[in-house]
Structures are given as C-alpha cells and as structure tokens.
Amino acid sequence: MEAQYDPKKVEDKIYRLWEESGFFNPDNLPDLKDGQKRTKPYCIIMPPPNANEALHLGHALMATLEDILIRYRRLRGDIALWLPGADHAGFETQVVFERKLEKQGKSRFQFDRETLYKMIWDYVEENKNVAQDQLKRLGASCDWSRSKFTLDPDIVKIVYQTFKKLYDDGLVYRGPRIINWCPKHQTGLSDLEVKYKDREDKLWYIKYPLVGELDKFIEVATTRPETMLGDSAVAVNPEDERYKNLVGKKVLLPLMNREITIVADEAVELKFGTGAVKVTPAHDATDFDIGQRHSLETISVIGQDDKMTAAAGADYAGLKVAEARKKIVEDLQSQGFLIKEEPYRHSVGVCYKCGRVIEPMVSEQWFVKIKPLAERAIEAVNKGEVKFISAKYEKIFQHWMGNIRDWNISRQIVWGIRIPVWYCIDKNCPSENYKKIKDNPALFKDKEDDCFGTVHHGEEGEPSVEHIIRRLNEGLTINESLKPFISVSGSLSNKPTCPDCNSNNVFQEKDTFDTWFSSGQWPFATLQTTKAGDFAKFYPTAVMETGWDILFFWVARMIMMGFYAAGKEPFKQVYLHGLIRDKDKQKMSKSKGNTVNPLAVVDENGADALRMALVFNAASDSDLPFSEDKVIAQKRFANKIWNAARFSISNLEDFDPQGFEPKFTAADEEILKELDATAKKITKDLDNFDFHEAAQSAYHFFWHSFCDKCIEDVKKRIKEPASEEDKKTAQFVLNKILLESLKLLHPFMPFITEEIYQQIPRHTKKALMVEEWPMG
RNA sequence: GCGCGCGUAGCUCAGCUGGUCAGAGCGUCUCGCUUACACCGAGAAGGCCCCUGGUUCGAGUCCAGGCGCGCGCACCA
C-alpha cells in the first residue's frame with residue numbers, strides 16, 4: 001500500500017467490482033450468517049434526475065444520502081432496492097431546448113409538433129447517460145437493471161390509466177377556467193409555477209358614470225387599465241356604507257359604452273383603493289371567482305399572443321398589451337374619466353422560468369379536482385401513514401394541502417406525455433362536435449392564400465373532416481367545449497375509434513401533461529413495471545428522500561396520487577434535505593457563476609471525500625453552505641483511514657484469529673466498549689436520519705479513538721511484545737476495530753472502505769458492502 | 001395578510017424528550033519532519049449560547065414579549 005491514498009486508482013476498480021458482484025440488485029443479495037434469509041424489503045425510489053442535464057451538487061447530496069441509507073440497510077440484512085431513473089422533465093427540458101434554439105436564432109414555433117418532439121428526443125437521448133455515469137462515479141449503489149425513464153411506454157400507459165380513472169370518477173375535468181398564461185412560452189402553468197416579484201407600478205383611478213345619472217360616478221382603482229375593456233361589473237363590499245345604495249345599479253363602462261352592473265361581493269376589501277373594484281372575470285383570478293358567483297359575462301380582451309382581441313373593440317384590437325395600456329390611459333384622460341394615477345408597489349406573478357409577467361386568462365384546460373385527493377393525504381399524515389421526519393415540513397405540507405386549489409394539468413407544449421383524450425368530429429357522430437366547430441372562422445384562415453384549394457370545403461360548402469384535422473394539427477386552437485373520450489391505448493399511428501359512432505374521424509388532444517402529473521405517479525408506476533412481484537414486495541416504499549423545494553410539486557402529488565391510484569401511501573417516511581448554497585450562503589446558479597461541478601470535486605478529492613463533506617455538516621432541515629475546505633478536510637480523513645489501515649494490515653500478516661482466546665488489557669476493554677457505543681449511536685442516528693451525527697461519530701471514533709489511542713497503544717505491544725499472548729491480543733484488537741470501523745464508515749465512504757476490506761488478509765465476504773452491520 | 005424557521009467560538013454549524021452542553025469541523029497561535037499518516041502529532045487561545053421577563057431546585061435547551069435575519073404560501077384590484 002502506498003503512503004498516500006489515491007482515489008483515482010481505486011474508485012473505478014471498486015465500482016466495477018460491485019457491479020460485477022450483482023449485489024446492487026436485491027435479487028442477488030447473499031444470505032446472512034448461518035444461512036439465514038433476508039426477509040425485510042427496503043426500497044428507495046430515486047428522484048430521477050433530468051435526462052438532459054449533468055448533475056449538480058444537489059444531486060450529489062441526494063445520491064449521498066440515499067446511498068448511505070441503502071448501504072446501511074443492505075448491511076443490516078434488508079432486501080435493499082434503490083431504484084434509479086431519468087426524468088424527461090417536460091417543461092423544464094423544453095425551456096432548455098428553446099434557449100438552445102434561440103441561440104441559433106430559431107424559435108420552437110418554426111417547427112411542427114412531430115419535428116420539435118423528435119429534435120428534443122434526440123437531444124435528450126444524447127445526454128441521457130451522463131447523469132447515470134456521474135451517479136456511478138459518486139458510488140451510488142442503485143440497481144441499474146431496474147432503471148426507468150419517465151417516457152417508457154409502460155410508464156406512460158400507467159399514467160394514462162390513472163388519468164382515465166380520475167376522469168371516470170369525475171375528478172378530472174376540462175373547462176374554461178382562469179389559468180396562468182406565460183406569453184413567452186405560450187402555455188398555461190400551474191399555480192406552483194408562478195413566482196411573485198415586487199414591482200414598482202402605478203395605480204390608476206378611473207370613474208365609471210352611473211347610468212341615468214351621468215353626472216354621478218363610481219370610482220375604481222386598478223393597476224391594469226387595459227383589462228377594463230373586458231369588465232363585466234363593478235364590485236363593492238356588501239358592508240360598505242358608501243356604496244350600499246348603489247348595489248344593483250348600472251354604470252356605463254367608459255370607452256366601450258357598455259352597461260355593467262354594480263354587485264356586492266365579500267372579496268372586495270373596504271380599505272383598499274376606493275373600495276370599488278372593476279371586475280374582469282377573463283383576466284383576473286379574483287374577478288373570475290366573483291364572476292362565477294354573480295353569473296357575470298367573461299369577456300376575453302387579451303389573447304394568448306399577448307395582444308388585444310377583437311372583443312377589445314376596433315380601437316384597440318391587435319395592439320400589444322403594453323401599447324393598449326398606454327392608449328387607454330390617454331383616452332381615459334382625454335375623455336375625462338381618469339381621476340389620477342399614483343405610484344404603487346405590489347407583487348406580480350411571473351413565469352418561474354423566464355420571469356415574464358403572467359397573463360391570467362380564461363382558457364380551456366384540464367383540471368384535477370384536488371380536494372378529495374388532498375383530504376386523503378392530510379389524513380394520511382395526521383394518522384402517521386406518511387411520516388415527515390421534520391415537523392417543520394409536516395406543518396408546511398399540511399398548510400399547503402389545506403389551501404389547495406384545482407390543479408391545471410395541461411400544458412401547451414410538445415415535450416411530454418400527450419393527454420390521451422380524443423375528440424370525434426365525424427359529421428354523423430351523436431356528440432355533435434362537428435357542428436360546434438364547423439363555423440369557426442379560424443378554420444378558414446388559409447382561404448385567402450388558398451393553399452388548400454378546394455380541399456377544405458366539402459359538398460355542402462362546409463369544411464371537410466380532413467381539413468379540420470389538418471388545421472388542428474397545424475396548431476389551431478379550438479375554444480368550444482367538445483365532447484371528449486379517453487383512450488388508454490390509442491395513438492396517432494393507431495387511432496382509437498369513437499365510442500359513440502365507431503368513426504375514425506378523431507383527433508387527439510394537443511396538450512401534454514404537466515410533468516408532475518406523471519412524476520406524481522412515479523413510485524407505483526416504476527414498481528409496477530420493473531419486475532413481476534416488485535410492487536407487492538416494495539410498495540409502499542420505505543422513504544422518500546428529496547429536496548424541500550419540490551415538497552409541493554412532487555412529494556405532495558405523490559402522496560395524493562399514491563393513495564388514489566395504488567391504494568396505499570407511496571412511502572412511509574419523507575426526509576427532505578436542504579439546498580446547497582455557496583460558501584457565502586448564496587443560491588447556486590449558472591447566472592451567478594457560483595455553481596460547483598460535483599464531478600470536478602470528485603476528480604480532485606475523491607468521491608468519498610465529497611460524500612463525507614456533504615453529510616458532515618448537514619443539519620437536516622436547513623440549507624447548507626458548501627465550500628472546498630470541507631472536502632479537503634474529508635480528503636485528509638480518507639488519507640488517515642488509509643494509513644491506519646496500512647499500518648494495521650502490515651502488522652496483521654502473521655495473525656490468525658482462528659481459535660485464539662484474547663486476554664484484553666484495560667485499554668482493550670475500553671476501546672471495545674467505545675466501539676460498541678459508537679456502533680449503537682450510529683445505528684440510532686441513521687435510523688433517525690441524523691446523518692451528520694452519524695458521520696461525526698464515525699469520524700471521531702476512527703480518528704481520535706482508534707488512531708490516536710488504540711493504534712498508539714497497540715503499536716508498542718506489537719513492536720516490543722511483553723508476551724506472545726499480549727502481542728496476539730493487540731493484533732486481535734487491531735483487526736477487530738479496523739474491520740468494524742470499516743463497516744461503520746462504509747455507508748459514508750464506500751470506495752476506500754471497500755478497497756481496504758479487499759486488502760485485509762482473510763476477509764470473509766465477497767465484499768464489504770454485504771458484510772454484517774455491527775449493532776453495538 | 002397568513003404561515004414557517006433561524007440568531008451558540010473568526011467562519012459553517014451540532015447540541016434529541018430541561019440537570020458533565022458550553023461542543024465539532026475549518027481557521028488562528030505555539031511546539032514537534034517520533035519507525036501508519038506533515039493530507040501528521042502534542043498543546044493553546046477564542047463564546048454575558050441576540051435582548052428582557054417568566055416557569056423550575058436547575059434553561060442555549062420550555063413559555064411570553066422585543067430586536068435582527070431568512071423563507072414559504074396568498075385572489076388587496
């Protein structure tokens with residue numbers, strides 16, 4: 001053995017040894033001592049990294065913590081399965097790809113659906129193995145033979161089945177509802193995908209004249225004057241004495257000269273602005289709700305292209321929102337309706353990816369009726385069926401669950417799982433879908449340039465079904481509510497037939513699922529599609545370990561979907577780790593340039609050092625600052641282990657414990673006792689997810705007890721033995737402590753401990769990774 | 001607005017159900033190249049555990065209030 005530990009010479013070799021042993025696959029794990037069988041399944045489903053991205057430090061932390069748990073459980077004799085995967089990460093990936101296109105001066109909208117999908121598929125395929133290789137370099141002991149990709153056909157099928165079940169149970173619906181629209185990405189987003197940013201804005205005070213008393217006005221305040229074109233009421237608080245006598249009266253909407261009513265609604269704050277609100281159900285979430293309560297008309301004046309629609313009136317139609325705002329303020333001013341404007345600071349919703357201001361608008365989307373699912377999840381946590389390791393996150397979870405709103409699961413993007421909904425547009429179908437759309441002017445957009453010649457008109461001067469389908473495939477959006485049907489097995493190449501009329505004149509919903517709708521099903525979808533028997537054996541899984549930042553996005557959805565679709569909780573425990581920050585506690589981000597490539601750290605210091613550094617200071621709940629010092633400290637520790645082992649092994653060559661009865665000294669008794677206590681503590685700490693406590697105990701015992709005291713003591717007794725028996729006893733102790741320490745350290749630092757184990761004379765197992773854990 | 005959390009050595013943080021809890025790692029200083037390791041060893045300095053009250057025989061540890069900081073959720077136009 002060399003005087004310095006060189007991870008480069010060890011890590012690849014050891015990982016190969018593990019892979020060749022087959023022990024990553026729980027089916028191949030050896031029996032325990034005395035031929036005892038392993039009985040207890042222990043499963044962790046890995047949060048699948050995005051297929052197109054290299055790992056960052058957060059992934060390294062995830063991999064380290066989960067590998068520690070898995071290796072620990074494997075050593076304890078469980079049937080340990082760590083199931084890896086890769087995530088197509090719908091919107092995330094499409095955004096990354098769009099940026100790539102933008103750099104090349106292109107836009108996603110230049111490509112048709114199939115081409116774009118294929119391009120992203122190829123892009124992802126190119127990078128798909130990167131993350132996997134990197135996880136291996138970190139020492140991840142997952143069962144690669146069970147690895148799944150979120151777009152695997154068998155996974156997609158399960159996602160479809162769940163969707164159908166939700167639909168059949170009335171828990172999923174399509175409807176015009178107010179959604180968060182990102183004008184840049186041209187898709188709706190869920191509430192979670194909207195971030196809020198403070199912004200300096202203006203508040204405009206406008207007067208709306210009362211009908212019949214045109215010299216009287218009601219004053220409203222708004223930050224978005226352009227939406228007034230779509231107003232369908234003015235609302236006041238029912239308790240507001242100032243306006244009580246006005247409720248039910250009509251006002252004349254300036255610029256539009258449309259009569260709208262004054263309604264009373266609880267949602268209006270007495271204190272804010274003038275206490276009277278203009279109500280635009282089509283472009284504001286609160287207003288939408290007010291509109292529902294008072295059966296108000298929904299007038300969409302802003303289109304998905306971020307321009308004013310025809311409903312905004314001839315003066316404004318076609319203007320961009322910002323232009324329209326400017327013109328409207330001017331017009332209000334010149335016509336005497338503008339009272340004043342004042343600076344105003346408030347928070348506005350922005351797209352969490354691009355930061356563009358979200359345009360709330362009414363749109364036909366698919367929603368999950370979430371309350372019933374949420375109630376079961378809340379109950380599960382209350383009853384302890386799912387246990388949060390940290391009380392803090394349990395509170396946050398319950399708070400969110402209790403206030404949850406219906407979940408928009410459709411996205412107007414192509415990268416993802418296409419919603420398995422079909423519409424029959426056969427002329428004779430009882431659904432009458434054809435009738436509902438045949439007069440849609442957008443169908444005839446191409447009439448003028450006549451690119452379809454006569455094809456788009458059938459015999460009676462009506463559009464042919466083929467033409468409609470072609471226009472739809474080109475990206476035409478239909479806003480009519482059509483009658484859908486769901487087909488779990490249908491596909492574009494194998495179109496399903498309409499259940500009402502058996503026709504083949506059907507087209508598929510263009511939207512794809514929110515990625516989290518499918519990843520919410522990941523625990524059971526994976527286990528139902530790996531090996532027969534896996535689901536029965538491993539579900540519910542033991543623990544979900546992931547970052548707190550996806551508590552709502554993912555963990556919450558998995559709990560809800562798990563109960564709903566698989567009948568049981570997806571995992572018994574939830575452990576959420578903190579976010580890695582840089583040494584100044586700043587969030588790591590590419591734009592700040594403070595990211596750390598974990599693989600570069602591994603190259604420099606070894607995987608064990610990185611792992612140990614990540615875990616050593618990691619208090620469970622909070623974010624953790626990362627610095628290279630910490631890694632270097634652990635690199636030194638690795639070297640310490642290496643040298644202690646080097647000393648031990650060179651002094652154990654002539655030692656055979658077989659049949660030897662040691663006669664311990666007081667010092668021997670003490671270190672053995674301490675070993676026991678340390679093993680007990682580490683066991684308890686790992687059972688409680690106190691990784692840092694466990695790591696520090698192992699570190700401290702090895703360095704300051706074993707090295708500083710025990711080895712120094714034993715050294716003398718071996719070099720200058722008082723008696724042959726005492727020398728052998730010293731060797732016995734040395735051998736024992738080294739071996740047990742290696743086991744205790746193995747979950748944290750698997751490479752170096754395995755390498756040393758392999759070099760120990762007469763090691764008994766094929767690998768340290770399947771040794772038996774010292775319980776203390 | 002509602003909710004969550006944090007303030008302990010220069011830095012990053014541990015201190016679980018109150019009584020060797022005043023700790024660790026890094027950093028700093030002194031002394032040692034001793035035959036496993038200088039990526040080492042021996043030793044040292046450093047803290048009214050944010051403030052103020054309270055509960056208790058006893059409080060970083062529990063309670064209340066205050067100050068400072070961070071975060072999550074949210075339909076104040």
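At a threshold of 4.0 angstrom between heavy atoms, the contacts of A:Asp708 are confined to the sugar-phosphate backbone, with no base atom among them. Backbone-only contact: A:Ala633 has heavy atoms under 4.0 Å from sugar-phosphate atoms and none from a base. Note on A:Lys278: nothing from the nucleic acid sits closer than 4.0 angstrom, heavy atoms only. Heavy atoms of A:Val279 sit nowhere under 4.0 angstrom from any nucleic acid atom. A:Tyr196 comes within 4.0 angstrom of sugar-phosphate atoms only, judged by non-hydrogen atoms across all strands, and of no base. Within 4.0 Å of A:Asp629, counting heavy atoms only, lie sugar-phosphate atoms of the nucleic acid but no base atom. Within the 4.0 angstrom heavy-atom criterion, only backbone atoms of the sugar-phosphate kind lie near A:Phe552; the bases stay farther away. As judged by a 4.0 angstrom heavy-atom cut-off over every strand, A:Glu2 is placed among residues making no nucleic acid contact. Here A:Leu203 lies out of heavy-atom contact (under 4.0 Å) with every strand. Within the 4.0 angstrom heavy-atom criterion, only backbone atoms of the sugar-phosphate kind lie near A:Trp703; the bases stay farther away. Base contact: A:Lys640 has a heavy atom under 4.0 Å from a base atom. Looking at heavy-atom distances under 4.0 Å, A:Glu693 makes contact with sugar-phosphate atoms alone, never a base.
Checked against B:C73, B:C37, B:C76, the side chain of A:His399 finds its nearest nucleotide in B:C73. For A:Phe647, counting side-chain heavy atoms from C-beta on, the closest listed nucleotide (B:C76, B:A36, B:A14) is B:A36. For A:Lys392, the side-chain atoms get nearest to B:C4 when compared with the rest of B:C75, B:A77, B:C4.
With A:Thr222 contributing its side chain and A:Trp204 its backbone, the two residues share no donor-acceptor pair below 3.5 Å. Of the possible donor and acceptor atoms, one in the side chain of A:Ser390 sits under 3.5 Å from a partner among the backbone N and O of A:Lys392.
Taking only side-chain nitrogens and oxygens, A:Lys395 comes nearer than 4.0 Å to OP1 or OP2 of B:G5. Side-chain N/O atoms of A:His346 include one lying less than 4.0 angstrom from OP1 or OP2 on B:A77. Proximity of A:Lys719 to the phosphate of B:U35: no side-chain N or O atom is located under 4.0 Å from OP1 or OP2. Taking side-chain N and O atoms only, A:Arg405 has a distance below 4.0 Å to OP1 or OP2 of B:C75. One finds a side-chain N or O of A:Tyr344 lying less than 4.0 angstrom from the OP1 or OP2 phosphate oxygen of B:A77. The phosphate of B:G25 has OP1 or OP2 within less than 4.0 Å of a side-chain N or O from A:His704.
Note that A:Arg177 lies in the cation-pi zone of A:Phe367, set by a 6.0 Å cut-off to the ring centre and a 45° limit from the axis. Both the sub-6.0 Å distance and the 45° axial angle are not jointly satisfied by A:Lys202 relative to the ring of A:Tyr344.
A salt bridge between A:Lys709 and A:Asp713 is absent, with no side-chain N of the basic residue lying under 4.0 Å from a carboxylate O of the acidic one. Between A:Glu226 and A:Lys326, no side-chain nitrogen of the basic residue sits less than 4.0 Å from a carboxylate oxygen of the acidic one, so the salt-bridge criterion is not met.
The base-pairing partner of B:C26, taking Watson-Crick or G-U wobble contacts with both distances under 3.5 Å, is B:G10. Applying the Watson-Crick and G-U wobble criteria (two distances, each under 3.5 Å), B:G41 pairs with B:C31. The partner of B:C4 is B:G70, judged by Watson-Crick or G-U wobble contacts that both fall below 3.5 Å. B:G18: no Watson-Crick or G-U partner with both key distances under 3.5 Å is found in any strand. Searching all strands for a Watson-Crick or G-U wobble partner of B:C75 with both distances below 3.5 Å returns nothing. The nucleotide B:C62 finds its pairing partner in B:G54, both defining distances of the Watson-Crick or G-U wobble pair being shorter than 3.5 Å.
Base orientation at B:G60 is syn, since its O4'-C1' glycosidic dihedral falls within 90° of 0. Taking the syn range as angles within 90° of 0, the glycosidic angle of B:G46 is syn.
No hydrogens or angles considered: nothing links the side chains of A:Asn643 and A:Tyr5 as a donor-acceptor pair under 3.5 Å.
At a cut-off of 3.5 angstrom, counting only N and O atoms as typed in the model, there is no donor on one side facing an acceptor on the other between the side-chain of A:Gln4 and the base of B:A38.
B:G54 and B:C73 have their C1' atoms separated by 33 Å, given to the nearest Å. Taking atom C1' in both B:G70 and B:G43, the straight-line distance is 40 Å, to the nearest Å.
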